[in-house]
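Structure, as structure tokens:
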Amino acid sequence: MGNHNSHGTTHTHHIVPFKIYMMTAGALFILTFATVGFHQMHLGSLAAPVAFLIASVKAALVLLYFMGLKYDNLMNRVIFGTAFFFLLLLFAICALDIWTRISEISTL
Amino acid sequence: MSTGNTTHASHVAHHFRDSEHQFDSAKQGIWLFMATEILMFGGLFVAYIIFHAIYPEMFAEGASHLDWKMGFLNTLVLIFSSLTMALGIHFIQVGQQKKAVVSLALTILCGAIFMVVKYLEYTHKFHLGLFPGRFLNPEVVHATHQNLGMYFGLYFCMTGLHGTHVLIGMGLITWVMIKTIKGDFNPEYFTPVEGVGIFWHIVDLIWIFLFPLLYLVG
């Protein structure tokens, strides 16, 4: 005991300002309309990268502000980062497997 | 040294140093759970991407059966629900209990709207005979591709698992809303609401990727 900080045990939670939440939601709504807008433009081969780029920005906003990772401790950020890293690894290894296969037609 | 320890608030279990220690431990547990959620849905996303790369035309045919307006509506509903969830926690943090209850109730309402839209989509698919995997008869639905059932297998698995999360989330938010009405939470203690909030946001996060993947890019 005796290692209490000067604030005691109360008011240690970071309170995200109301305005930040409204701005985050506003940005998410705008980006959702942008997703559909770009979809209507029929960008062809660029359609998928654009849609997922916007989705990634939206995901980052949700993680940073709504889920509070921007204000969270290092441990929780590392936990998220680890999960995300292994997701990328899963995709990369599967992609390497699928796209390096040499298709052979059976002679039987 | 527990006698006369006035800093040990009533909600803090004896094995925690203080309220902050307890809160951080609980939140860390939720984040570990989120890691499993990311990897569980991640596996489905990777499966979708790889089979999409192998059968692009079949996936395009599958996606043409989806109405992007429904997915778009549900995206807006879920983003709004994420905002009300975050505000619910915010209002508890600043001691405005009534506003917190209204925010949580709105979140549940949005979850219900989402599920109604999903129900309408699912029943429409079933009506047309668009079932997952081998249950889809290509002749009945006049499919160009014989393996169209694979697209709907992924569609129903991904949106079904997501929808299950929405239902569970609605149940959890109902639980914390009732506890809020009872006055169990205050600016010093709101750990369950924080945990449920993180869960609800990841449900929104997953939908953010499901919407373009299933409805737009196809």
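When each of A:Met75, A:Met67, A:Met22, A:Lys58 is checked for heavy-atom pairs under 4.5 Å with chain B, A:Met67 comes out on top. Most heavy-atom pairs under 4.5 Å with chain B, from the set A:Val62, A:Leu28, A:Leu31, A:Val36: that is A:Val36. Chosen from A:Tyr65, A:Phe91, A:Tyr21, the residue pairing most often with chain B at heavy-atom distances under 4.5 Å is A:Tyr21.
Contact of the A:Leu69 side chain with the B:Trp31 side chain is registered, since non-hydrogen atoms from C-beta on lie closer than 4.5 Å. In this structure, the side chains of A:Leu87 and B:Phe45 stay at 4.5 Å or more apart for every pair of heavy atoms. Residues B:Ile38 and A:Phe86 fail the side-chain proximity criterion, which asks for heavy atoms closer than 4.5 Å. In this structure, the side chains of A:Ile79 and B:Met34 stay at 4.5 Å or more apart for every pair of heavy atoms.
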Decide yes or no on side chain to side chain contact (heavy atoms under 4.5 Å, CB included) for A:Phe38 and B:Leu216, but give the supporting numbers first.
CA-CA 10 Å; A:Phe38 281 116; B:Leu216 299 182; over 6 Å; no
What do the steps show when you test A:Thr35 against B:Phe72 for side chain to side chain contact (heavy atoms under 4.5 Å, CB included), and what is the final call?
CA-CA 9 Å; A:Thr35 305; B:Phe72 177 62; over 6 Å; no
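Looking at B:Thr75, the atoms closer than 4.5 Å to chain A (heavy atoms on both sides) all sit in the side chain, from C-beta outward. Residue B:Trp68 touches chain A through its side chain alone, counting heavy-atom pairs closer than 4.5 Å. Proximity to chain A (any heavy atom under 4.5 Å) is shown, for B:Tyr189, by neither the backbone nor the side chain. In this structure, the portion of B:Phe211 lying under 4.5 Å from any heavy atom of chain A is its side chain and not its backbone. For B:Ile89, no part sits under 4.5 Å from any heavy atom of chain A, backbone or side chain.
Considering all non-hydrogen atoms of both residues, A:Phe52 and B:Pro212 come closest at CE2-CG, 4.2 Å. Nearest approach of B:Ile208 to A:Ala55, heavy atoms of both residues: CG2-O, 3.5 Å. When all heavy atoms are compared, the tightest approach of A:Cys94 to B:Ile50 is CB-CD1, 3.2 Å.
B:Asp24 CG to A:Asn76 CG: the interatomic distance, rounded to the nearest 0.5 Å, is 7.5 Å. Here the CD1-OG1 distance, from B:Ile79 to A:Thr32, works out to 3.0 Å after rounding to the nearest 0.5 Å. Distance OG1/A:Thr82 to CG/B:Leu39: 10.0 Å, rounded to 0.5 Å.
With hydrogens and angles ignored, the 3.5 Å screen pairs a side-chain donor or acceptor of B:His90 with a backbone N or O of A:Val16.
Classification of the B:His201-A:Phe66 ring pair by plane angle, with boundaries at 30° and 60°, yields parallel.
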